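Down below is the structure, laid out as structure tokens.
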Amino acid sequence: MRNAFVAGNWKMHGSRASVSELLDALISGVPRSQDLDIAIFPPFVYLPQVANRLQACVGIRLGAQTVSEYESGAFTGEVSAHMLQDVGCDYVLVGHSERRQYGGESNQKVAQKFSAALAQNLKPILCIGETLEEYEANQTQSILKNQLDAVLSLPDGIHLLKHADALIAYEPVWAIGTGRTAMPELAQSVHSTIRAYLASFDSSIAESVRLLYGGSVKKNNAGDLLKMPDIDGVLVGGASLDASEFIEICKQALGEKACNS
Ligand code: PGA
């Protein structure tokens with residue numbers, strides 16, 4: 001059985017005061033269950049503040065929004081996997097479309113970041129997705145395949161996904177921050193294609209890898225997405241900054257996935 005997973009990507013938002021307020025609300029409001037994993041991804045500078053606060057609290061894990069592919073050295077502005085692990089992160093997003101788009105991250109670079117995370121026992125969430133142009137040109141499958149292949153062609157390939165307890169997040173770029181969510185049936189069909197592709201390498205690993213959907217997920221559409229058999233959880237951006245939205249999405253994840261199991 002695959003546990004439900006809800007991730008909150010705070011992107012470049014917040015202040016010490018707003019982080020503290022949001023955390024208070026989340027800590028008192030999110031449902032706790034062994035069937036549900038929740039992780040939040042604040043900006044780097046607030047990681048220690050959040051880690052401190054989460055120390056005394058069960059049920060919410062910490063992650064970072066990206067990581068350097070290098071171990072250490074003269075890489076001004078970068079943050080290493082060891083540093084993230086050192087301040088209390090369990091997870092890290094790699095290959096988020098905004099990093100690919102604005103940070104020029106290639107598939108190869110994303111794969112290197114994936115490896116760097118693994119080396120420090122961070123669980124990577126590999127983000128993949130096609131742009132609107134690619135979607136309209138019917139290129140979704142080939143784009144996703146290339147993005148997955150970069151990681152699957154690392155030494156140990158598909159087994160890395162299992163060893164790392166890694167997750168894959170499908171986020172169509174045209175749905176991120178646009179209010180335009182993929183229809184649940186469309187998202188399900190892409191997720192099932194991803195799982196089938198993984199199964200062509202190893203069927204039992206494909207069955208166990210959790211696939212998240214992301215892109216304008218809100219409390220109003222999360223339930224329908226989470227009803228889908230191959231959508232194991234959601235990666236929430238904008239709505240994760242609103243405690244009541246995020247708490248409601250967590251409750252729906254628990255409700256839908258507990259009913260399905
Ligand atoms: P969004 O962002 O929910 O604001 O669309 C999702 C993401 O970028 O992870």
Side-chain angles (χ1 to χ4, degrees), residues 4-14 18-19 22 26 30 37-44 46-47 50 60-67 89-105 110 113-114 117 122-132 134-135 140 143-144 147-148 166-184 186-187 190-191 194 210-226 228 231-253 256:
F5 196 106
V6 179
N9 174 10
W10 294 1
K11 308 195 179 186
M12 196 173 72
H13 292 289
S18 73
V19 161
L22 181 53
L26 295 180
V30 295
D37 295 324
I38 299 172
I40 51 178
F41 297 77
F44 281 147
Y46 300 121
L47 288 172
V50 177
I60 306 178
R61 311 305 281 266
L62 185 60
Q65 298 173 14
T66 184
V67 62
C89 289
D90 290 311
Y91 294 93
V92 64
L93 302 179
V94 294
H96 188 281
S97 65
E98 286 151 14
R99 304 288 318 166
R100 293 178 189 264
Q101 194 179 345
Y102 308 126
E105 292 186 7
V110 171
K113 287 171 185 277
F114 190 97
L122 291 170
K123 301 177 178 50
I125 301 184
L126 172 65
C127 303
I128 58 175
E130 81 286 4
T131 63
L132 181 60
E134 292 158 348
Y135 171 67
T140 303
I143 295 294
L144 299 184
Q147 292 173 338
L148 287 170
L167 295 94
I168 295 172
Y170 168 57
E171 300 200 297
V173 180
W174 46 269
I176 295 179
T178 58
R180 192 178 158 184
T181 326
M183 296 295 290
L186 171 68
V190 176
H191 279 226
I194 295 171
R210 286 179 287 177
L211 305 182
L212 313 183
Y213 172 80
S216 296
V217 175
K218 310 264 180 287
K219 67 178 179 197
N220 299 342
N221 56 22
D224 287 339
L225 288 158
L226 287 158
M228 297 292 145
I231 299 183
D232 305 307
V234 282
L235 173 50
V236 186
S240 70
L241 297 166
D242 177 327
S244 67
E245 281 265 344
F246 191 72
I247 291 166
E248 181 54 32
I249 294 169
C250 291
K251 288 181 181 164
Q252 291 182 18
E256 291 304 337

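Here, residue 1 is the first one in the sequence, and each next residue gets the next number. Counting convention: from 1, in listed order, for ligands and their atoms alike. Keep in mind it's a predicted model, so treat the numbers as computed, not measured.
- Of all protein heavy atoms, the one closest to atom 4 (O) of ligand 1 is Gly238 N, 2.8 Å.
- Residue contact check: Asn9 has heavy atoms under 4.0 Å from atoms 9 (O) of ligand 1.
- Remark: minimum distance from atom 7 (C) of ligand 1 to any protein heavy atom is reached at Glu171 OE2, 3.1 Å.
- Checked by atom type and distance alone, the side chain of Glu130 never pairs as donor or acceptor with a backbone atom of Thr140 at under 3.5 Å.
- In summary, the atoms of ligand 1 found under 4.0 Å from a heavy atom of His96, numbered by their order in the structure, are 7 (C), 8 (O), 9 (O).
- Heavy atoms of Ala239 found under 4.0 angstrom from ligand 1: none, in either backbone or side chain.
- Using a 4.5 Å heavy-atom threshold, the side chains of Leu132 and Arg180 count as touching.
- The shortest N or O to N or O distance between Thr178 and ligand 1 is not under 3.5 Å.
- Contacts of Ile176 with ligand 1, taken as heavy-atom pairs under 4.0 Å, involve both backbone and side chain.
- Taking every non-hydrogen atom of Ala175 and a distance limit under 4.0 Å, the qualifying atoms of ligand 1 come out as 5 (O).
- Closest to atom 3 (O) of ligand 1 among all protein heavy atoms lies Gly237 N, 2.9 Å.
- At a 3.5 angstrom cut-off on N or O pairs, Gly177 counts as close to ligand 1.
- Per-residue contacts place Ser216 under 4.0 angstrom from the following atoms of ligand 1 (heavy atoms of the residue considered): 1 (P), 3 (O), 5 (O).
- Of all atoms in ligand 1, numbered sequentially from 1 with element shown, those under 4.0 Å from a heavy atom of Gly215 are 5 (O).
- Proximity of Pro42 to Leu62: side-chain heavy atoms (C-beta onward) are separated by under 4.5 Å at one or more points.
- Among all heavy-atom pairs drawn from Thr131 and Glu134, the shortest one is N-OE1, 2.8 Å.
- In terms of protein heavy-atom proximity, atom 2 (O) of ligand 1 is nearest to Lys11 NZ, 3.2 Å.
- Nearest heavy atoms, Ile125 versus Ala169: CG2-CB, 3.9 Å.
- Summarising the geometry, atom CD belonging to Glu105 is positioned 4.0 Å from atom NZ belonging to Lys113; distances are rounded to the nearest 0.5 Å.
- Using cut-offs of 30° and 60° on the angle between ring planes, the pair Tyr91 and Phe5 is perpendicular.
- A donor-acceptor pair under 3.5 Å is absent between the side-chain atoms of Ser240 and the main chain of Phe246, judged by distance alone.
- A donor-acceptor pair under 3.5 Å is formed between the side chain of Arg100 and the backbone N or O of Gly95.
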